[in-house]
Amino acid sequence: MPYLLAAPLIVFMLAFYALPVVAMLMRSVSDPVWTVANYAALPDDAVFLKTFANTFYTSLIVTVASLLLGYPVALALVRAPRWAPLILVLIMLPFWTSVLVRSYAWMVLLGRHGILNEALMAAGLLERPMRILNTPLATQIAMSHILLPYMILPIANALRQIDPSLLRAASGLGSPPWRTFLQVTLPLSMPGVAAGVLLVFVLALGFYITPAMVGGPREITISMLIAQRVDQLDWAYAATLSAVLLATALVLIGAFYRLPGVGNAFRMNAR
Amino acid sequence: MNGTAPGSIRGASVLLADLEKKYDRTNAVDGVSLDIRSGEFLTLLGPSGSGKTTTLMMIAGFETPTAGDIAIDGQSVVAMPPYRRNIGMVFQNYALFPHLTVEENIGFPLKQRGVPKAERAKLVGEALELVQLPGYGGRHPRQLSGGQQQRVALARAIVFKPRLLLMDEPLGALDKQLRENLQLEMRRLHADLGITFIYVTHDQEEALTMSDRIAVMNDGKVAQVGRPEDLYDRPCNRFVAGFIGESNFLPAIVRSLEDDIVVAECEGVLVRALCPARPATGTQVTLTTRPERLRFADTLNGHAPQNRMSVTVTEAVFAGERCRYMLRAADGTSMVLKEPSSAAIRRRNVGEQAEIAWSVADTILV
């Protein structure tokens, strides 16, 4: 019974992950008495609605940005094998660095006297430093950077599985390279795109450190709101928000898994 | 089955001139020159690594030659990208687009050429009929068997009426029965379409059955070009003799020359062989004969072939339609003799002495 080998992990996950999560979620309906009032109140809760909308919007921007930036990188990774090791290192290096460190790095880059502002002023494009840090733009830039690998790797995986003879066949049948990309490469990479979009979007929904550090206190996300309420010891409200966030992520994952080929894109691939 | 009436398209002629492809140090293709005629079925035959596929890929435009020229109908295409060459191509693994239906796959080259939708549907229908798959248009490639997929690939390669069709071991992945059916079908298509076929295979039997001419390749070079029967009956070197069919190789020394015949001493007897070249007396040479053209002398009543030799039977195998004997000649050279089996012919036993005979026309000096 090989699955017994997973028993230690299962016990660990149950004890230190599943139980606390369930206990936390229970508080949303049991603190201080059994009630669904916390959920019933959400549709009229202006702070919640605004934060939820903002979180969705941020995640959407970040997803689109990392898709547009990541797809060409994934393509290069697969189609330029000579450069693949270098590209891979460049993708993975930040990936291995702590999110906290990277967020600090973005503060340095985007600050009033940060490298970006200094460079823009030196180039004569700006007269006075622009306010980037502590704006939604800063959050979007930093989050896109942090989440890019999650977009690039599934897309690269899908691209790698495209039989190269299909590209030759398309060319031989009269299709110039750009049409081959649109008619063959792009449609066949869609499972990877869907997987990347899902990963980035769902991860972005729950981002906390980066928006808290570079996004400033005005445009807050759901996870920042949860943290605030926990600080105020409003456990029931924090638990309610957590439940909503978790449910949203699960619904999205379920919906994406139903798309053809996406389930496969998550499967481990030996190639 | 219209629009593809016999002779409606004139096949392209292809000229390869000193074609060469170097990878780092090795020469994958090393000075190949071939003149492929309009409407011909030419096969590039050779073992793996002989350069046959690389040659085909250069004609298709997927590989760039490092030297030499490729001219289609007299026009050099070396600088032309594959999508402008208007060549049909069938790959070994079919290379059907998995996200498109059979119809969309076959319509693909038409779409690239801006053929209107209605016209496209008509041509796709005709192509499907031509490969005997009518009604399969709505399926996806994965719903078809290997043989059906290859027919779709064939339909896709000819639907836009190219004048040249390239095929890279198209039947390699199929089982024997299916392969033989498709071989016949390809011959029929070739006759119907009138276009030039260049076919790559490592299967000599396939090459012999299908081709008008075969170019045998070895080590990046063309070892011999000719009609199947020329290659089989008159191999011009040891490689061709050994690669196409089975051959016996007999070491010999040239003793004298008579017209176009060489008299050579071989295993202690004088053997006559055809030889267009004129080797000097005393030269060490190799004679080849085909196993099925050797006979036991005592089974031949009446006409007696000129070449005779005494041998010992070292192995006798009954293989249904024929018997296969391993023989040892006087000096120890092994030979194979294949005799059509018949209940009326006595089977030889191992260790038996026998005299074999074969005709001069079946003896080649290589």
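None of these values were measured; they are calculated from a predicted model. To find a chain, count down the sequence lines: A is the first, B the second, and so on, and within it residues start at 1.
- Counting heavy-atom pairs under 4.5 Å between each of B:Arg156, B:Met89, B:Gln92, B:Met57 and chain A puts B:Arg156 at the top.
- Looking at B:Arg85, neither its backbone nor its side chain comes within 4.5 Å of chain A, counting heavy atoms on both sides.
- Taking 4.5 Å as the limit, some side-chain heavy atom of B:Phe160 sits within range of a side-chain heavy atom of A:Leu173.
- Taken to the nearest 0.5 Å, the CZ atom of B:Phe97 stands 8.5 Å off from the CG atom of A:Leu167.
- Looking at B:Phe91, the atoms closer than 4.5 Å to chain A (heavy atoms on both sides) all sit in the side chain, from C-beta outward.
- The environment of B:His190 atom NE2 is dense: over 12 non-hydrogen atoms of other residues, nucleotides or ligands sit within 6.0 angstrom.
- Between A:Ser175 and B:Tyr83, every side-chain heavy-atom pair lies at or beyond the 4.5 Å cut-off.
- Looking at A:Asp163 and B:Pro98, their side chains never come closer than 4.5 Å, going by heavy atoms from C-beta outward.
- For B:Leu96, the part lying near chain A is the backbone, with the side chain staying farther off; criterion is any non-hydrogen pair under 4.5 Å.
- For B:Arg113, the CZ atom is densely surrounded, since the number of other residues' heavy atoms within 6.0 Å is greater than 12.
- Within the 4.5 angstrom heavy-atom criterion, atoms from both the backbone and the side chain of A:Arg168 approach chain B.
- Distance CD/B:Glu104 to CD/A:Gln183: 10.5 Å, rounded to 0.5 Å.
- Counting heavy-atom pairs under 4.5 Å between each of B:Gly88, B:Ala60, B:Pro109 and chain A puts B:Pro109 at the top.
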